[in-house]
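In what follows, a single structure is set out as structure tokens and then discussed.
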Amino acid sequence: MARTRKSFICQSCGATSGKWAGQCEACGEWNSILEEQTSHHPAGLGKISPHLARGRAITLSNLEGKDRPPPRLLSTINEFDRACGGGLVPGSALLISGDPGIGKSTILLQAVARLAANDIRTVYISGEESISQVRMRAKRLGLDHSPVRLGAETNLRDILTTLDKEPGLQVVVIDSIQTMYADTADSAPGTVTQVRTCAQELIRYAKARNVCVLLVGHVTKDGQIAGPRVLEHMVDTVLYFEGDRGHQFRILRAVKNRFGGTDEIGVFEMSDLGLQEVLNPSALFIGNRSGDISGSAIFAGMEGSRPMLMEIQALVAPSSLGQPRRAVVGWDSGRLAMIIAVLDGRCGLGLGAYDIYLNVAGGLRITEPAADMAVAAALISSLSDRPIAKETILFGEISLSGEIRPVSQADARLKESAKLGFVHAYMPANIKHKGKGMKLKELDQITKLVDLIAQDTL
Ligand code: TYD
Ligand code: MG
């Protein structure tokens with residue numbers, strides 16, 4: 001007999017404590033602790049050491065084997081397949097998370113419809129919308145004739161029984177895991193215990209029946225998967241669906257993948273007809289740029305294995321405040337402070353008296369340190385009011401000593417730049433590259449970049 005016990009669980013990080021508190025001691029979140037019922041094994045069973053009470057011996061094997069990876073299930077939406085690491089893996093569990101209204105239900109409906117059209121048996125279970133709401137969306141997207149099996153249910157037991165009755169099932173979407181309810185756990189839907197129990201059951205189902213399960217997960221206001229990060233450890237693949245409400249494009253980003261590369265991205269554009277693939281993202285992000293404006297630099301970046309050009313915009317203006325204003329969108333503010341310090345300390349630019357605004361165009365977010373040089377160039381260009389030539393790209397990491405450090409995948413960056421009609425590349429010295437079709441200028445010190453912009457030769 002399982003015994004139930006009350007415990008207090010942080011809804012943000014999943015930490016358990018014996019009593020209620022206003023702030024979680026583990027993650028520091030306020031007002032996140034809720035009382036939940038948890039089940040425990042009967043007294044005694046858990047107390048016998050596994051070493052004393054003998055269990056069943058399992059068969060061990062070696063690494064070599066004849067297992068072949070099963071073929072991936074392809075949705076033929078290339079950007080979706082790419083983000084999943086080359087298609088869905090049978091028997092795997094994926095978590096897709098993102099802000100409300102970003103398009104999770106839309107992309108999954110489109111993906112299962114295409115999978116179903118490719119003769120893959122799919123089921124879509126919605127816990128948030130009614131059958132008619134999903135149908136209306138499907139009609140709007142022109143997918144209402146796809147052979148997707150549809151259900152609206154939140155009771156996990158009923159869902160699993162239903163899935164077991166579907167012959168040859170290959171892909172299941174659960175939209176969303178926070179709405180699911182397992183009657184084995186006593187807490188309310190959406191609490192950590194419920195989310196964890198439901199996810200565990202669904203993942204067990206995926207492995208046992210060799211079905212790919214796609215879970216939709218909500219994100220809290222500070223970007224965590226509500227109820228909570230533990231889900232990320234349980235699933236095989238975690239995809240974030242990101243984008244800016246003010247912009248049309250959306251990025252599906254793999255942050256964990258047991259069957260493929262992380263940081264792979266798929267780029268989509270939200271339109272009247274749902275999410276459309278963006279086949280050439282670089283062209284989209286630098287598309288409508290007017291030349292001859294100071295403070296704009298093009299960075300040749302990498303997103304996973306894919307090169308992508310992005311525009312970095314800076315505005316440096318004399319400050320009327322005692323403490324100048326620094327605002328950054330799409331980049332790390334700590335990293336910007338470092339670049340400003342290097343430009344001040346090593347090149348004597350005196351940026352301390354200026355307000356500085358930095359923006360990555362199109363609402364993109366850059367995490368690579370390789371963007372340092374493009375950021376520095378945009379800042380210097382804005383400060384000196386000298387535009388950077390339109391057909392120039394930059395990449396390179398800047399160290400605190402003012403040296404420009406090598407970065408990886410120079411070839412891919414240069415190739416993408418040449419493809420989009422760029423001619424000049426300013427990059428770190430001493431890196432291996434072929435650099436066909438581009439005029440290259442290798443720099444080893446940030447002071448050289450300042451000189452080039454001052455002489456109007458960049
Ligand atoms: P949805 O997939 O419901 O978001 P989520 O499941 O992540 O909460 O997306 C809803 C948003 O997408 C909504 O604001 C309207 C917009 N949208 C379009 O612009 N075009 C479309 O064809 C569809 C289906 C949705
Ligand atoms: Mg939804």
Side-chain angles (χ1 to χ4, degrees), residues 75 77 79-80 83-84 88 93-117 122-146 148-154 156 159 171-181 189-190 194-195 198-199 202 213-228 231-232 235 237-255 265-278 284 362-363 365:
S75 69
I77 302 176
E79 297 291 304
F80 181 83
C84 300
L88 300 172
L94 281 88
L95 176 70
I96 298 193
S97 65
D99 292 335
I102 203 80
K104 300 180 293 295
S105 306
T106 309
I107 185 72
L108 287 179
L109 188 62
Q110 285 181 265
V112 285
R114 289 284 283 272
L115 284 162
T122 59
V123 167
Y124 184 103
I125 305 281
S126 177
E128 301 189 339
E129 291 163 281
S130 65
I131 298 263
S132 66
Q133 278 175 313
V134 181
R135 279 191 183 146
M136 258 151 45
R137 186 197 300 254
K139 196 170 171 64
R140 200 148 82 84
L141 300 174
L143 302 171
D144 44 342
H145 298 299
S146 305
V148 177
R149 311 276 290 143
L150 180 63
E153 183 53 61
T154 56
L156 191 69
I159 291 172
V171 177
V172 179
V173 172
I174 302 286
D175 186 2
S176 64
I177 188 71
Q178 272 92 5
T179 53
M180 293 299 137
Y181 176 77
Q194 275 293 351
V195 167
C198 292
L202 285 161
V213 174
L214 297 143
L215 307 173
V216 174
H218 289 295
V219 168
T220 54
K221 56 184 185 312
D222 50 358
Q224 293 217 341
I225 295 177
L231 272 188
E232 295 195 9
V235 296
T237 303
V238 179
L239 302 174
Y240 282 169
F241 206 28
E242 341 171 302
D244 197 297
R245 286 289 185 114
H247 293 92
Q248 290 303 303
F249 75 86
R250 305 278 183 266
I251 292 178
L252 192 60
R253 184 187 298 275
V255 290
I265 62 164
V267 185
F268 299 89
E269 204 172 350
M270 184 59 102
S271 72
D272 291 348
L273 293 170
L275 289 151
Q276 310 281 337
E277 292 180 74
V278 174
L284 176 79
R365 211 186 141 71

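Counting starts at 1 for both ligands and their atoms, in listed order.
Looking at every heavy atom in both residues, Arg250 comes nearest to Leu275 through CG-CD2, 3.8 Å. When all heavy atoms of Ala199 and Ile177 are compared, the closest pair comes out as N-CD1, 3.8 Å. When every heavy atom of Gly266 is checked against every heavy atom of Ala83, the shortest pair comes out as N-CB, 4.0 Å.
Applying the salt bridge (charged side-chain N to carboxylate O under 4.0 Å, His left out) test to every pair with at least one member in residues 122-134, sequence neighbours left out, gives these pairs: Glu129-Arg137.
Salt bridge annotation for Arg253-Glu242: present, with a cationic side-chain nitrogen under 4.0 angstrom from a carboxylate oxygen.
Partner Thr237 forms a side chain to side chain contact (heavy atoms under 4.5 Å, CB included) with one of Leu94, Leu95, Leu88, Ile96 and no other, that one being Leu94. If you run side chain to side chain contact (heavy atoms under 4.5 Å, CB included) between Val216 and each of Ser126, Ser97, Ser176, only Ser176 comes through.
Nearby protein atoms of type N, O or S around the Mg ion (ligand 2) amount to 1 (distance under 2.8 Å).
Residues lining ligand 1 at a heavy-atom distance below 4.0 Å are given as Asp99, Pro100, Gly101, Ile102, Gly103, Lys104, Ser105, Thr106, Arg137, Arg140, Leu141, Met270, Ser271, Asp272, Leu273, Gly274, ordered by chain and residue number.
Residues that satisfy the salt bridge (Lys or Arg N to Asp or Glu O under 4.0 Å) test with Glu277, not counting sequence neighbours, are absent from this structure.
One side chain, Asp175 or Ser105, offers a donor N or O that lies under 3.5 Å from an acceptor on the other.
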